[in-house]
Amino acid sequence: MTDWTAADLPEMTGTRVVVTGANSGIGKEATRAFARVGADVTLACRSVDRGEEAVADIERTESRLPGEMQVQELDLADLDSVAAFADGWEGPLDILCNNAGVMAIPRTETHDGFETQFGVNHLGHFALTGRLLDALRASDGEARVVTQSSAVHERGDIDFDDLHGERSYDKWEAYAQSKLANVLFGYELQRRLDAAGIDDVTSAVCHPGWAATNLQRRGPEAEGSELKRLLMKAANGLFAQSAERGAWPMLYAAVADDVAGEYVGPGGFMNARGAPERQRSSERSYDEATAARLWEVSSDLTGVDYEFAGDDADTAATDESDTADSATADD
Ligand SMILES: NC(=O)c1ccc[n+]([C@@H]2O[C@H](COP(=O)([O-])OP(=O)(O)OC[C@H]3O[C@@H](n4cnc5c(N)ncnc54)[C@H](OP(=O)(O)O)[C@@H]3O)[C@@H](O)[C@H]2O)c1
């Protein structure tokens with residue numbers, strides 16, 4: 001295990017960062033840490049009000065905050081919202097933290113008819129990253145995409161015959177599938193960047209261990225189970241580390257120079273807490289055939305087709321759903 005903490009972040013004045021799900025938990029603490037060292041952070045939140053509340057809270061509790069924070073609406077359960085966020089992005093982007101997520105909720109569907117955990121945790125971020133690729137490539141230095149997974153990915157499998165749990169749905173299996181998809185996506189993105197000879201954008205995957213956040217109460221609340229909510233709260237109190245510490249792997253994965261195509265998580269007790277380190281993910285997550293298949297399916301479902309081009313050409317994510325002029329991320 002390293003002894004790295006958020007105090008080891010470099011000075012980041014002028015670095016532009018997007019954090020999805022930044023109004024709560026790990027995303028909020030990552031936003032605070034980035035802003036403390038001078039980065040300009042866009043909080044990409046499905047509720048602008050909750051994003052503004054998080055900004056106000058961070059400003060109220062920090063004595064010195066050199067970085068700027070702004071809130072932009074982004075609902076990962078709505079591909080139109082993802083497109084609007086990316087279309088509204090101006091200029092380069094240095095770090096994209098694909099962090100937002102939901103866990104173990106009863107089956108619902110996103111605006112576009114995807115099972116919500118797969119749709120928000122994976123497909124929304126797949127579409128967002130593709131649409132922001134030109135902005136990432138426009139970064140002066142090496143831009144980084146960090147995708148937040150979970151140790152639960154180790155129990156996951158990609159059920160290509162029933163991706164959306166229409167025939168059979170188990171809330172934990174659906175979560176594990178979405179979190180395995182996060183790892184497969186992060187690795188496949190790095191492979192595709194490498195294959196295209198693009199070295200100014202890199203991709204890393206992380207997991208926070210176990211951190212006490214709002215994540216654990218969403219499922220019980222959606223089920224209307226006060227007992228499960230209280231049990232989750234008690235388990236958090238006993239076993240979880242703080243959201244602040246839970247943000248360390250994502251922060252490390254955003255700035256370390258040895259994490260391209262790697263998986264980063266806490267190195268302490270049962271990899272549930274502690275300082276970040278590079279780790280091995282599940283055997284399944286290294287299956288390149290599954291990753292390639294998931295990529296094609298994700299592209300079909302979202303209508304976002306990454307067009308990787310090498311250093312001499314532009315990289316664009318084509319929106320296949322546009323029938324007139326083919327739209328690109330910088331249209
Ligand atoms: N906490 C842990 O122990 C743990 C363990 C493993 C992995 N993770 C992962 O860490 C990430 C962050 O979770 P957290 O623990 O910080 O939980 P959290 O406090 O519940 O934060 C989740 C964030 O995601 C946002 N979100 C949910 N649905 C969204 C949507 N449709 N569009 C945009 N944003 C949406 C939430 O917004 P609202 O506030 O508006 O709902 C919230 O800002 C997740 O990917 C989770 O799977 C967490």
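Counting convention: from 1, in listed order, for ligands and their atoms alike. If you read the sequence from its start, that first residue is 1, and numbering goes on from there. Here the structure is a predicted model, which means the values were calculated and not measured.
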Salt bridge [X]-[Y], side-chain N to carboxylate O under 4.0 Å:
X      : Y      : value
Glu226 : Arg229 : yes
Arg191 : Glu188 : yes
Lys228 : Glu223 : yes
Arg192 : Glu296 : yes
Arg60  : Asp57  : yes
Glu115 : Arg107 : no

(request) Treating Ile, Leu, Val, Met, Phe, Trp and Tyr as nodes and any side-chain heavy-atom pair under 4.5 angstrom as an edge, say whether Leu9 and Val19 lie in one connected cluster. (result) yes
(message) Using the side-chain hydrogen bond (donor to acceptor under 3.5 Å, both in side chains) definition, which of the options Thr129, Asn121, Asn182 pairs with Asn98?
(response)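 When Thr129, Asn121, Asn182 are each tested with Asn98, the side-chain hydrogen bond (donor to acceptor under 3.5 Å, both in side chains) holds only for Thr129.
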Proximity to ligand 1 by part of [X], non-hydrogen separation under 4.0 Å:
X      : value
Arg218 : side chain
Ser149 : backbone
His207 : neither
Tyr175 : side chain
Met103 : neither

Under a 4.0 angstrom heavy-atom cut-off, which atoms of ligand 1 come close to [X]?
X      : answer
Gly21  : 23 (C), 24 (O), 25 (C), 43 (O)
Gln216 : 1 (N), 2 (C), 3 (O)
Trp210 : 3 (O)
Asp75  : 30 (C), 31 (N), 32 (N)
Ala77  : 31 (N)

Please indicate whether any nitrogen or oxygen in [X] is less than 3.5 Å from any nitrogen or oxygen in ligand 1.
X      : value
Gly101 : yes
Val102 : no
Leu215 : yes
Pro208 : no
Arg50  : yes
Ala211 : yes
Arg46  : yes
Ala44  : no

(message) Taking the ring of Tyr263 and the ring of His153, is the distance between their centroids below 6.0 Å?
(response) yes
(request) Assess the pair Phe185 and His125: is the distance between their ring centroids shorter than 6.0 Å? (result) no
(request) List the steps, then state whether salt bridge (Lys or Arg N to Asp or Glu O under 4.0 Å) holds for Arg144 with Asp94. (result) CA-CA 6 Å; Arg144 176 74 48 83; Asp94 303 302; over 6 Å; no
(message) Looking at non-hydrogen atoms alone, which of Leu128, Thr110, Asn99, Asn98 comes nearest to atom 44 (C) of ligand 1?
(response) Asn99
(request) Between Ser47, Ser24, Ser178, flag the one that comes closest to atom 19 (O) of ligand 1 by a heavy atom. (result) Ser24
(request) Check whether any heavy atom of Thr20 sits under 4.0 Å from an atom of ligand 1. (result)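 Per 4.0 Å heavy-atom rule, Thr20 does not contact ligand 1.
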(request) Could you tell me if any non-hydrogen atom of Gly209 lies under 4.0 Å from any atom of ligand 1? (result) yes
(message) Return the closest protein heavy atom for atom 32 (N) of ligand 1 as residue, atom name and distance.
(response)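 Checking every protein heavy atom, the shortest distance to atom 32 (N) of ligand 1 gives Leu76 N, 2.9 Å.
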(message) Before you tell me yes or no, could you show the steps for Val255 and Trp4 under side chain to side chain contact (heavy atoms under 4.5 Å, CB included), namely the whole-Å CA-CA distance, both residues' side-chain angles and the distance that decides it to 0.1 Å?
(response) CA-CA 12 Å; Val255 299; Trp4 196 93; 4.1 Å; yes
(message) Is there a side-chain contact between Ile158 and Gln177 in this structure, where contact means two heavy atoms from C-beta onward sitting under 4.5 Å apart?
(response) yes
(request) Cation-pi check, Arg280 to Tyr286: give yes when NZ or CZ is under 6.0 Å from the six-membered ring centre and within 45° of the ring axis, no otherwise. (result) yes
